[in-house]
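What follows is a single structure, written as structure tokens, with notes after it.
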Amino acid sequence: VHTLEALLTAYPSEDIEYTIALGEPAYREKVYQKLTEKQLKIATLIHPTAQIGERSIIHEGCIIQYNCFVSCDVEIGHNVVLQPSSNVGHDSHIGNHSVLSSFVCVAGHCNIGNSVYVGMNIPVKEGITIGDYTIVGMGSCVSRDLPNGVIALGNPARAMKNNDNK
């Protein structure tokens with residue numbers, strides 16, 4: 001089966017469960033919307049070495065890879081990816097379709113928007129907000145809020161240009 005239409009013809013929709021193996025948040029969002037319209041079930045995958053704190057909410061379609069730590073009272077939105085060894089601090093929120101790369105460390109009380117990409121090895125200071133459709137480049141240090149729709153780099157991370165094509 002090579003197309004979605006062929007898959008839907010070959011199998012009843014209630015027998016289909018999928019995951020999205022894309023690292024680009026905007027594409028994750030598009031595929032999720034298309035398959036949700038078809039009323040297909042998205043799988044949630046949590047590696048057995050991941051640690052999930054009490055009262056944390058993990059929405060459908062998340063992929064939480066090995067050695068991840070999600071503290072207490074965290075909400076992880078739909079279709080989010082936590083790459084290996086990423087951490088999310090207490091009382092934080094990760095928006096739908098976002099991707100936290102390996103070795104990202106989000107401190108407590110942070111708000112990461114929808115369709116955000118946080119590159120490898122990035123600390124995010126407590127209480128920070130990263131806006132929707134923002135990209136934070138690898139190795140940056142997020143110590144102040146970042147607005148919607150920018151590409152941010154550096155230490156401290158700052159907006160370098162707009163993320164016009166998401």
Side-chain angles (χ1 to χ4, degrees), residues 19-33 42-166:
T19 188
I20 300 173
L22 297 168
E24 169 59 48
Y27 292 135
R28 293 184 63 76
E29 182 177 1
K30 285 180 187 178
V31 171
Y32 178 84
Q33 289 171 347
I42 187 167
T44 299
L45 305 174
I46 301 174
H47 193 275
T49 62
Q51 297 179 29
I52 311 295
E54 293 181 17
R55 298 177 309 278
S56 288
I57 299 167
I58 310 296
H59 288 281
E60 70 175 2
C62 290
I63 300 172
I64 300 178
Q65 296 188 17
Y66 62 90
N67 293 333
C68 287
F69 176 73
V70 176
S71 191
C72 58
D73 298 311
V74 170
E75 183 173 6
I76 309 271
H78 300 273
N79 190 33
V80 169
V81 174
L82 301 183
Q83 295 283 352
S85 300
S86 58
N87 296 285
V88 181
H90 63 89
D91 301 289
S92 290
H93 176 268
I94 310 297
N96 299 331
H97 319 295
S98 291
V99 175
L100 302 185
S101 297
S102 296
F103 306 109
V104 167
C105 187
V106 175
H109 295 281
C110 289
N111 185 21
I112 310 299
N114 294 315
S115 297
V116 169
Y117 182 85
V118 182
M120 286 194 313
N121 203 32
I122 293 178
V124 179
K125 182 181 172 288
E126 69 276 351
I128 293 295
T129 295
I130 298 176
D132 297 341
Y133 299 101
T134 289
I135 297 170
V136 184
M138 179 176 70
S140 297
C141 181
V142 183
S143 58
R144 56 186 172 204
D145 292 347
L146 295 171
N148 292 338
V150 298
I151 299 172
L153 303 167
N155 182 3
R158 57 200 173 280
M160 297 296 180
K161 66 179 202 173
N162 289 331
N163 184 12
D164 293 329
N165 63 1
K166 298 181 181 178

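In this structure, Thr44 and Ile42 have side chains that are not in contact, with every pair of non-hydrogen atoms separated by 4.5 Å or more. Using a 4.5 Å heavy-atom threshold, the side chains of Val142 and Ile130 count as touching.
Listed for the Ser143 side chain is no donor-acceptor partner under 3.5 Å among the backbone atoms of Lys125. Judged purely by atom type and a 3.5 angstrom limit, Ser102 uses its side chain to pair as donor or acceptor with the backbone of Pro84.
Atom CD of Glu126 sits about 10.0 Å away from atom OG of Ser92, to the nearest 0.5 Å. From Ser140, atom OG reaches atom CD1 of Ile135 across 11.5 Å, with rounding to the nearest 0.5 Å. Atom CG of Leu45 and atom SG of Cys62 lie 9.5 Å apart (nearest 0.5 Å).
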If you look only at distance, which donor and acceptor atoms sit under 3.5 Å apart when one is on a side chain in residues 147-162 and the other is two or more places apart or in another chain?
residue, atom, partner, partner atom, Å
Asn148, OD1, Asp132, N, 2.8
Arg158, NH1, Pro156, O, 2.8

Under 3.5 Å, which donor-acceptor pairs link side chains of residues 109-118 to any protein atom two or more places apart or in another chain?
residue, atom, partner, partner atom, Å
Asn111, OD1, His93, ND1, 3.3
Asn114, OD1, Asn96, N, 2.8
Ser115, OG, Glu29, OE1, 2.7
Tyr117, OH, Ser101, OG, 3.0

Compile the donor-acceptor pairs under 3.5 Å between side chains in residues 63-82 and protein atoms, sequence neighbours left out, one pair per line.
residue, atom, partner, partner atom, Å
Gln65, NE2, Gln83, OE1, 3.4
Asp73, OD1, Arg55, NE, 3.0
Asp73, OD2, Arg55, NH2, 3.1
Glu75, OE2, His59, NE2, 2.7
Asn79, OD1, Arg28, NH2, 2.6
Asn79, ND2, Arg28, O, 3.2
Asn79, ND2, His97, ND1, 2.9

Side chain to side chain contact (heavy atoms under 4.5 Å, CB included) evaluation trace for Leu146 with Thr129: CA-CA 6 Å; Leu146 295 171; Thr129 295; over 6 Å; no
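Pairing each heavy atom of Gly23 with each of Pro25, the nearest pair is O-CD, 3.3 Å. Shortest non-hydrogen contact noted between Asn163 and Tyr133 is ND2-O, 2.8 Å. Taking each heavy atom of Ile94 and Ser98 in turn, the nearest pair found is CG2-CB, 4.0 Å.
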